[in-house]
Protein chains: 2
Amino acid sequence: MPVLIMSGGIDSTTLLWYLMDRYDDIHVLTFIYGQRHVREVEHAKVIVEKAREKAKIYHKIADISCIHDLIAKGALTGDENIPEGFYTDDIQKVTIVPNRNMILLAVAVGYAVKVGEKEVYYAAHKSDYAIYPDCRKEFVKALDTAVYLATIFDPVEIKAPFVDMTKADVVKLGLKLGVPYELTWSCYRGEDRPCLKCGTCLERTEAFLMNGVNDPALSDEEWKKAVEIYERIKSGNK
Amino acid sequence: MPVLIMSGGIDSTTLLWYLMDRYDDIHVLTFIYGQRHVREVEHAKVIVEKAREKAKIYHKIADISCIHDLIAKGALTGDENIPEGFYTDDIQKVTIVPNRNMILLAVAVGYAVKVGEKEVYYAAHKSDYAIYPDCRKEFVKALDTAVYLATIFDPVEIKAPFVDMTKADVVKLGLKLGVPYELTWSCYRGEDRPCLKCGTCLERTEAFLMNGVNDPALSDEEWKKAVEIYERIKSGNK
């Protein structure tokens, strides 16, 4: 039974549907850290309820907020503003939770060992813009090796099936699989509605645009605004 | 300024003294997880106070108990009994906190990035008995690579200077450096006094024996008992 790290965003939700095509039983691990992502967790719960129409899901909400004080830096868990516009390497330095994916993966591996499972999945993927270092293929390979060695008595592996895919590729696959994107949440701002202008919102808008469909999580009016903002920023005119 | 993971045990305390020979300022990170190690933390605080005679120490006590429920399995954080006798590969499966060192190191790397430091040290070392997989040199190399890739914008490295040394070698070095071993705590049972018969106590006894000195943390009577137990178990007669 795979262990999947799922945040309730586009990529990890698509990965859940991908795994449900292959497995009847899945452990889903949703992490809470910092204050900004309470909304994501609520979305994760609704998504799991939907997924339970197709597979047996063991859903664990893992509150790792205790780590927050220790590592909080920048926008994702700290108090700084979420930057607007597409992410470049520089902006990533502000938004990154230091070493977040390795921490989540290390904890997920501990969980996998505890429940006797052998594979931990996460939804790292490529981007045409800046790619978080801990989503890159070389990182996945290196961490998979370290995890394998650390768990050598009963080895666990790290799997990132989307690591060579762009977000548009992921959404294309998800549309085929019938992923309920209307239930997902991506925006980093955590307000009532997506802001449509942070790097995450812009990449989400682009992924749906490139697949020729509206973002089903947005009203028609919001989608119109999202496309306007996207085109304006893309053409360099903020 | 190095970041050192220090538990208050023999190895990490020796590593602190080793680092104080080379650096004037050191970040010391002491992790709390589960209930069993409150005593170790108290020892860590006393050791840091002593170390402050030689260097400027920034001591952070990091409570990561929130991870406990998620990963607790076996003796170190769970409720099972601590096995007696030297550790073999089988017994390690009971005592290991799943993927503990990777979790601590991943969090320590996040902390290092936050405070702008470049090196995370931990006191992994060889053993003539069973070696935890996440203390082995191949694991250190693999995780160092993964960490380097994850933090590539401002790289952090993992250092384990004792990885080729046995506990006896570590104590030999520590005795030269004047490490205050009377302030350290190793026993996994967490009772008022060390039990003298768990794998950790036995390896500690052996390390001092092989250096021809009493364990300074024990009274003369306790040391006599420790040596008796050690010799009895070593000769195969429990």
Side-chain angles (χ1 to χ4, degrees), chain A residues 29 31-33 60 62-74 78 89-90 92-93 96-116 132-156 158, chain B residues 29 31-33 60 62-74 78 89-90 92-93 96-116 132-156 158:
Chain A
L29 203 44
F31 288 102
I32 304 176
Y33 53 95
K60 183 81 181 178
D63 192 331
I64 57 167
S65 298
C66 68
I67 289 176
H68 175 266
D69 281 347
L70 194 63
I71 67 169
K73 160 186 146 84
D89 285 352
D90 281 340
Q92 277 199 40
K93 287 172 192 165
I96 280 177
V97 171
N99 212 28
R100 181 199 63 176
N101 281 351
M102 188 185 289
I103 293 169
L104 300 190
L105 287 161
V107 174
V109 167
Y111 179 73
V113 172
K114 175 186 174 177
V115 299
Y132 289 108
D134 54 11
C135 288
R136 296 179 191 179
K137 196 163 187 173
E138 56 267 37
F139 168 77
V140 176
K141 285 180 175 290
L143 191 68
D144 177 49
T145 300
V147 163
Y148 191 83
L149 290 170
T151 58
I152 195 72
F153 293 141
D154 211 356
V156 175
I158 302 293
Chain B
L29 203 44
F31 288 102
I32 305 177
Y33 52 95
K60 183 81 181 179
D63 193 331
I64 58 167
S65 300
C66 67
I67 289 176
H68 175 267
D69 283 344
L70 194 64
I71 67 169
K73 160 188 147 84
D89 285 353
D90 280 342
Q92 277 200 39
K93 287 172 193 165
I96 280 178
V97 171
N99 212 29
R100 180 197 64 174
N101 281 350
M102 189 185 288
I103 293 169
L104 300 191
L105 287 161
V107 174
V109 167
Y111 179 74
V113 172
K114 175 187 174 177
V115 299
Y132 289 109
D134 53 12
C135 289
R136 295 179 191 178
K137 195 164 186 172
E138 56 268 37
F139 168 77
V140 176
K141 286 180 176 288
L143 190 69
D144 177 50
T145 300
V147 163
Y148 190 84
L149 290 170
T151 58
I152 195 72
F153 293 141
D154 211 355
V156 175
I158 302 293

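Of all the listed residues (Asn101(A), Thr145(A), Leu143(A)), the one sharing the greatest number of non-hydrogen pairs under 4.5 Å with chain B is Leu143(A). Put simply, of Leu29(B), Val109(B), Asp154(B), the one with the most heavy-atom pairs under 4.5 Å next to chain A is Val109(B). For the options Ile152(A), Val107(A), Ile64(A), heavy-atom pairs under 4.5 Å to chain B are most numerous at Val107(A).
With contacts defined as side-chain heavy-atom distances shorter than 4.5 Å, the pair Val113(B)/Val156(B) qualifies.
For the atom pair Tyr33(A) OH and Asp63(A) CG, the distance stands at 12.0 Å (nearest 0.5 Å).
At a 4.5 Å heavy-atom cutoff, the contact between Lys60(B) and chain A is made by side-chain atoms alone. Residue Val115(B) does not touch chain A at all, counting heavy-atom pairs closer than 4.5 Å.
Side-chain N or O atoms of Asp134(B) include none that pairs as donor or acceptor with a backbone N or O of Ala150(A) at under 3.5 Å. Looking at Asp144(B), its side chain does come within 3.5 Å of a backbone N or O of Ile158(B) through a donor-acceptor pair.
Counting only N and O atoms by type, the side chains of Arg100(A) and Tyr132(A) include no donor and acceptor under 3.5 Å apart.
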